[in-house]
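What follows is a set of notes on a single structure, which appears directly below.
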Amino acid sequence: YEIGLKGQPMDFLRMAIAVFYTDYKDLPYQVSTTTDTGFDTQNIIVDQNSSGIEWESTLLLGGNFLFHVALGYINVDVDDPIAVAPLTPKWTLALAPEYTMPLSDGASLLFRADYSYRDDMYGEPTADPGRYTGIDARSLVNFDITYQSAKNDWTLSAYGRNVFDKRYDQARLNVGD
């Protein structure tokens, strides 16, 4: 179930907000372990419910300055003493200030920085510490500078992704049992 609202409630604010609830019965989780001959995959059948909220907004802060914000929260309850929802961070956050500088010939320069945060989570549907599938929280920073031609028919961008060279896992599967 989900309900949300999207719009521009004030001249300086565009936003979208949604709250949700899911209820799964007999949800199969697959957990793999390695053996001498390959993998052994077992299904764990669980009931799971999830609830949360997602909020996205753009603040129009006057002139040519925008501030984008996205926030997500999810609470997951799995009815198994060891099972967890895989790849499900409790909190996510993104912040992105953006400034557009008009140039005298009608072209423009856009400057943007992005910060994103993802809470810790598990790479597999088990919290068993022997599986080593816990994924640490991470924060990333990106930068963009974009030249937009006066006729808006081409752009040239320079950008940096993960500019502080943060090393992190996207997912994790323990293959060394």
Side-chain angles (χ1 to χ4, degrees), residues 1-24 27 48-78 84-125 127 133-173:
Y1 307 95
E2 181 172 341
I3 187 167
L5 179 66
K6 183 177 181 179
Q8 188 165 347
M10 295 169 249
D11 288 344
F12 63 90
L13 176 65
R14 293 185 293 233
M15 62 163 280
I17 188 167
V19 293
F20 60 89
Y21 176 79
T22 58
D23 189 18
Y24 296 102
L27 181 65
Q48 172 186 305
N49 63 57
S50 307
S51 58
I53 186 168
E54 295 173 334
W55 177 55
E56 297 176 11
S57 66
T58 299
L59 293 167
L60 310 153
L61 299 174
N64 300 315
F65 187 67
L66 303 175
F67 193 76
H68 307 279
V69 178
L71 178 67
Y73 171 81
I74 186 169
N75 182 50
V76 179
D77 182 34
V78 179
V84 295
L87 304 175
T88 307
K90 186 173 285 273
W91 290 99
T92 57
L93 172 68
L95 305 170
E98 179 179 309
Y99 178 74
T100 302
M101 182 174 72
L103 302 175
S104 60
D105 65 352
S108 62
L109 284 175
L110 176 110
F111 301 90
R112 181 177 169 128
D114 295 285
Y115 167 82
S116 67
Y117 170 80
R118 183 187 69 203
D119 210 353
D120 56 348
M121 60 185 177
Y122 289 94
E124 287 186 30
T133 66
I135 299 173
D136 293 333
R138 62 103 175 117
S139 297
L140 300 177
V141 175
N142 304 314
F143 292 106
D144 296 86
I145 300 172
T146 300
Y147 174 85
Q148 177 72 53
S149 70
K151 293 181 181 181
N152 291 326
D153 55 353
W154 64 274
T155 60
L156 177 65
S157 296
Y159 58 88
R161 298 289 178 252
N162 189 11
V163 296
F164 298 114
D165 198 26
K166 173 74 174 169
R167 302 298 172 155
Y168 62 95
D169 292 331
Q170 278 292 87
R172 186 175 292 173
L173 175 65

Identify the two heavy atoms, one from [X] and one from [Y], that lie closest to each other, and give their separation to 0.1 Å.
X	Y	value
Gln148	Asp153	NE2-N, 4.1 Å
Pro102	Asn64	CD-ND2, 3.3 Å
Ala150	Asp105	CB-O, 3.3 Å
Ile74	Ser50	CD1-CB, 4.1 Å
Gln170	Arg118	OE1-NH1, 3.1 Å
Leu13	Ser57	CD1-CB, 3.9 Å

Interatomic spacing from [atom1] in [X] to [atom2] in [Y] - rounded to 0.5 Å:
X	Y	atom1	atom2	result
Ile53	Leu71	CD1	CG	8.0 Å
Asn75	Tyr21	CG	OH	10.5 Å
Leu61	Glu98	CG	CD	11.0 Å
Glu56	Met15	CD	CE	10.0 Å
Thr100	Leu109	OG1	CG	9.0 Å
Thr133	Leu87	OG1	CG	9.0 Å

Parallel, tilted or perpendicular: which one describes the rings of Trp154 and Tyr147, with boundaries at 30° and 60°?
tilted
State whether the side chain of Asp119 and the backbone N or O of Pro89 hold a donor-acceptor pair below 3.5 Å, judged by distance alone.
no
Check step by step if side-chain contact (heavy atoms from CB on, under 4.5 Å) holds for Gln48 and Val78.
CA-CA 4 Å; Gln48 172 186 305; Val78 179; 3.7 Å; yes
Does the side chain of Leu59 come within less than 4.5 Å of Phe65's, by heavy atoms?
no
Which residues share a ring pair (Phe, Tyr, Trp, His ring centres under 6.0 Å) with Trp55, sequence neighbours left out:
none
Result for side chain to side chain donor-acceptor pair (under 3.5 Å) between Thr58 and one of Arg14, Gln8, His68 points to His68
Which side-chain N or O atoms in residues 134-144 pair as donor and acceptor under 3.5 Å with protein atoms at least two apart or in another chain?
from	atom 1	to	atom 2	distance (Å)
Arg138	NH1	Ser116	OG	3.2
Ser139	OG	Tyr115	OH	2.9
Asn142	OD1	Asn162	N	2.8
Asp144	OD1	Arg161	NH1	3.2
Asp144	OD2	Arg161	NH1	3.3
Asp144	OD2	Arg161	NH2	3.0

